[in-house]
Amino acid sequence: MALAKALKQNPRQIAQTIVENLDLSGVIAKAEVAGPGFINLWLNDAWVAQQCEHAEHDERLGIVKKADPVKVVVDYSGPNMAKQMHVGHLRSTIIGDTLSNLLEFLGDEVIRQNHIGDWGTQFGMLIAYLEEMGEDGSGSLKDLEQFYKDAKARFDADAAFADKAREYVVKIQSGDAHCLTLWKRFIDISLGHCEEVYEKLDVNLTRDDVRAESFYNESLAKVVSDLDKAGLLTESDGAQCVFLEGDEIPVIVQKRDGGYLYATTDLAALYYRANVLGAKRISYVVDARQGGHFKQVFRVAKETGFVPEDVRLEHIAFGTMMDKSGKPFKTRDGGTVKLIDLLDEAVVRAKEAITAKDDYSQEELESVAKIVGIGAVKYADLAINRESNYIFDWDKMLSFEGNTSLYMQYAYARIQSIFRKFGGEIEGEIIIGDALEHRLAVMLLRFEEVLLRAADEAAPNQITGYLYDLVTLFMRFYERNPILKEGVEEQTKMSRLLLADLTAKTIKQGLDILGIQVVDKL
RNA sequence: GCGCCUGUGGCUCAAUUGGAUAGAGCAUCAGACUUCGGAUCUGAGGGUUAGAGGUUCGAGUCCUCUCAGGCGUACCA
């Protein structure tokens, strides 16, 4: 129909001509013009079966690695070292990790970057307090939140301490050895907390991926001077600014007092990522509220040539996490919810959800509950359009019904159960027996297309949506087309086993990209 | 004030980027079973896609305006 305008012909006529000249050679069984000029194609059963067999016998399920892989930097998680990770870091961490896994699977060279906040005035106060606590420091750092509060209280109550804190800020920045040692120790402990969370969350972030804010300290002055050379710098109220055409608010790169800001750091990071790391795509998985900031920084980076024209810069924005009543997610007394506590609660709740129906040994229960609980938290987050706000609901995410990780994991376990019962070797081929099997097979073949689209749009919910459709379809197939029951012909049995196996593999691969594990028994 | 985002059955979300009769899940109601794991499956009711115009063969999707809500708005990150 798109051709109709260009050719100035009746769309139905064009469609008819196309259909008549189509080479159906084995792939397509039938082609038909429908409605105002749509062309409906029916895939050939034999071709579909053969493609599924190819996928079934291939480690990558028939999905080829990109012929033209690119270097992609994915910036995600980015916790602040002054505080413990809280729910605000959850979405960035989960979505960023999924995007990284996905691009990696498709063949791109992914460079994960954890841009942790390890620099700024708070650290003067924190290390001064750490020093004061002496050997006990490490111990009281178990609860960073409390440590921060105590340090702040000390800062507010004691002028001498406050002076020292301010003095220490300057000292770290000027490279004072003693203060730097304290600072490094503090960061090390705080980062250890994050790693505990990453471990629990089953996220692929390691210390090697950390490229902290402080890493760019040395380049900040150069960013400003380069902007100056490019003639983009304007002084306003004593601050060094870039005024972009059409924007009311400037990008401030240097404060009146000479200090740098996060726009400066981001520009330095963009330069590093594009020119040193050589990234062709740089994705920032950050809260939607920072949209304005990234828009400006990206523009400056391109206009100054910090980042070459052909590098794709994108802000992978996501909405805020809300509670069941639609308000921002907080503890009962209005504080922020620590991520570690949330994850522990997920495991406890998962335990309750699964023990209601089955008997587990203590060990089984522990390990399955971890997989189920963490999977539920991740899946629920990834399953919705990332740009809208996300309503966090324990009951919904831990349900066996609907588009949940448990439903997928259940389907997977159920298929494994078929194979336990079967016990033999599959010998045979796929033969499409009815319309439902045809639909299932076609659905299985669509996996690659879905992944490609999810990668391009950085939209994990494309994957969850697909998995849900696939599993629903499989359940229907399974209900109607018996596999191991009496009276099923050997040939049919083998064919259905192959379809079931490929379904299981597809579920597993899909969940794996989402960072979610499966279990053989649930 | 200016800017960005959102608005889809009672609730939570989809909709292949402008395509066919807007789809699921909860919840409600009604069915299927001597269960290859019923933690399943089948079906029903429920919609003027916030509202009004416009663009065209065709609009939830694009444009304009209105309404409602959220967020951002120069030296925090």
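In the text below, chain A, chain B and the rest are named by the order of the sequence lines, each starting its count at 1. Given the structure is predicted, the values throughout are model-derived calculations rather than measurements.
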Is there a side-chain polar atom (N or O) of A/Y216 under 4.0 Å from OP1 or OP2 of B/rA77? no

Interatomic distance at P, B/rG47 relative to B/rU40, whole Å: 27 Å

Do we count A/F38 as stacking onto B/rA20 if the rule is ring centres under 5.5 Å and planes under 30°? yes

Which nucleotide wins on minimum distance to the side chain of A/N461, given the candidates B/rG37, B/rA15, B/rA74? B/rA15

Distance-only donor-acceptor test (3.5 Å): side chain A/N40, base B/rA20: yes

Under a 3.5 Å threshold, yes or no: a donor from one side chain and an acceptor from the other, between A/N403 and A/Y379? yes

Winner on side-chain proximity to A/E401, out of B/rA74, B/rA20, B/rU40, is B/rU40

Decide yes or no, distance alone: a donor-acceptor N/O pair under 3.5 angstrom between the base of B/rA24 and the side-chain of A/T472. no

Indicate the ring-plane relationship of A/F422 and A/F419, choosing parallel, tilted or perpendicular according to the 30° and 60° boundaries. perpendicular

Considering only heavy side-chain atoms of A/I384, the closest of B/rA24, B/rC13, B/rG37 is B/rC13

May I ask you to decide if the ring planes of A/F298 and A/F294 are parallel, tilted or perpendicular, using 30° and 60° as cut-offs? tilted

Let me confirm one number: the CD1-CG distance from A/I384 to A/N461, rounded to the nearest 0.5 Å. 8.0 Å

Proximal nucleotide (of B/rC36, B/rC2, B/rC41) relative to the A/E479 side chain: B/rC41

